[in-house]
Amino acid sequence: MLHGTVIRALSGFYDVVTEEGIRRCRARGVFRKRGITVLVGDAVAVEPIGGAEGVVVEVLPRKSALVRPPVANVDLALLVFSLKTPLFHHGLLDRALVTAQAGGIEPLIVVTKCDLGTEAEIAAATAPYRQAGYETLAVSSLTGMGVDQVRVAMEGRVSVFVGPSGAGKSSLGNALAPALGLKMGDVSAKLGRGRHTTRHVELFQLGERTFVVDAPGFSQLELNIPSSSLRKYFPDFERLAEGCAYRGCLHIDETECAVQRAVAEGALSSDRYASYRALYEEIRHKEETRY
Ligand SMILES: Nc1nc2c(ncn2[C@@H]2O[C@H](COP(=O)(O)OP(=O)(O)O)[C@@H](O)[C@H]2O)c(=O)[nH]1
Ligand SMILES: [Mg+2]
Ligand SMILES: [Zn+2]
């Protein structure tokens, strides 16, 4: 019996990276009857057949599963945002932080193109996030600054690159491994504008147990949480919330709110608070128009 990770699903076959190389596998016949699905990213047990084939006989419990793209056990979301060109986008980063955490995926903030800015500009962009407790790396794919730190963070995990177009995702992929950069580059070039409706998901193997999700057009995770839970995903707010007068304070209209007080006093980033309010309103609107 071998153990491995499903890196590719093709009509009825699964490519599984095992201790003994890649095997093309079928799923056990009984899976269908039992409603067991096999996803890219699944950790599986394989009964080998010959030198290169096998049968997936067991799917190990999933740590997490994304719906779009359909992939299991993603550990780490690399939230890639450029310091400049395009200008650092707080709002989108704050949204990505919420969606990653809500999906059970650890976020890692990667600020790219740091060669284009000064130390002070880098510090200004990253400070609110470091203060909130998020791991935040300053990177340049051009000079190589910080790239090894990204590599170390990815080791032994399944990562996904999230971030706006032009932020430097493909360039970072290329700095990590030219073959990865080529894949990521190809994808955006070929699938820039819809048409291809099938969303093919694969894992790219970067190291023995290190993988990157490769899914065309995948730049955002889905935001699917109730408005009342949003506050949980702002750890910097949660720490202050003990000082709010109401236990379930949403930090919106409440009086004696420690979060709003901290913003007024300059102790909490007003950008972060603006993001929170915008996301809160967006979710409320969805909730109100649902029925
Ligand atoms: N100066 C500088 N430019 C970069 C860096 N990383 C990417 N770029 C440039 O930014 C543009 C977009 O990069 P790309 O990797 O294609 O972004 P993606 O759309 O997120 O994949 C390209 O012109 C890159 O050459 C960097 O670290 N420094
Ligand atoms: Mg790209
Ligand atoms: Zn409050």
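Only heavy atoms go into these numbers, but all of them, side chains included; no hydrogens, no water, no symmetry mates. When a ligand or atom number is given, it counts from 1 through the structure's own listing order. Only a predicted model underlies this, so the values are computations on that prediction, with no experimental measurement involved.
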For this session: Can you label the angle between the His251 ring and the Phe237 ring as parallel, tilted or perpendicular, going by 30° and 60°?
Result: perpendicular

Exercise. Has Ser165 got any heavy atom lying under 4.0 angstrom from an atom of ligand 1?
Worked result: yes

Exercise. With sequence neighbours left out, what residues match Arg209 under salt bridge (Lys or Arg N to Asp or Glu O under 4.0 Å)?
Worked result: none

Problem set entry | Shell of protein N/O/S atoms around the Zn ion (ligand 3), taken as anything under 2.8 Å | Cys244 SG, Cys249 SG, His251 ND1, Cys257 SG

Exercise. Is it true that Glu281 and Arg284 have a side-chain N and a carboxylate O under 4.0 angstrom from each other?
Worked result: no

For this session: Indicate the ring-plane relationship of Tyr134 and Tyr129, choosing parallel, tilted or perpendicular according to the 30° and 60° boundaries.
Result: tilted

For this session: Identify whether the distance between the nearest side-chain nitrogen and carboxylate oxygen of Glu238 and Arg231 falls below 4.0 Å.
Result: yes

Exercise. Does any N/O atom on Val139 come nearer than 3.5 Å to any N/O atom on ligand 1?
Worked result: no

For this session: Check whether any side-chain N or O of Thr210 sits under 3.5 Å from a backbone N or O of Gly156 as a donor-acceptor pair, and report yes or no.
Result: yes

Exercise. Any donor and acceptor pair, going by atom type alone, linking the side chain of Gln205 with main-chain N or O of Glu208 inside 3.5 Å?
Worked result: yes

Exercise. Looking only at N/O atoms, are Leu172 and ligand 1 under 3.5 Å apart anywhere?
Worked result: no

Exercise. Can you tell me if Lys183 uses its side chain to pair, donor with acceptor, with the backbone of Asp214 under 3.5 Å?
Worked result: no

Exercise. Between the Mg ion (ligand 2) and Ser171, is there an N, O or S atom separated by less than 2.8 Å?
Worked result: no

Exercise. So which of Gly166, Pro164, Ser82 gets nearest to atom 12 (C) of ligand 1, if we judge by its closest heavy atom?
Worked result: Gly166

For this session: Could you tell me if any non-hydrogen atom of Asp115 lies under 4.0 Å from any atom of ligand 1?
Result: yes

Exercise. Going by heavy atoms, is Cys114 under 4.0 Å from ligand 1?
Worked result: no

Problem set entry | Heteroatom distance test (Ser141, ligand 1): nitrogen or oxygen, under 3.5 angstrom | yes

Exercise. So, does Arg151 use its side chain to make a donor-acceptor pair with the main chain of Leu176 at under 3.5 Å?
Worked result: yes

Exercise. Backbone N or O of Leu97 within a donor-acceptor pair of the Gln101 side chain at under 3.5 Å?
Worked result: yes

For this session: Measure Leu116 to ligand 1 on non-hydrogen atoms and call it side chain, backbone, both or neither using the 4.0 Å cut-off.
Result: side chain

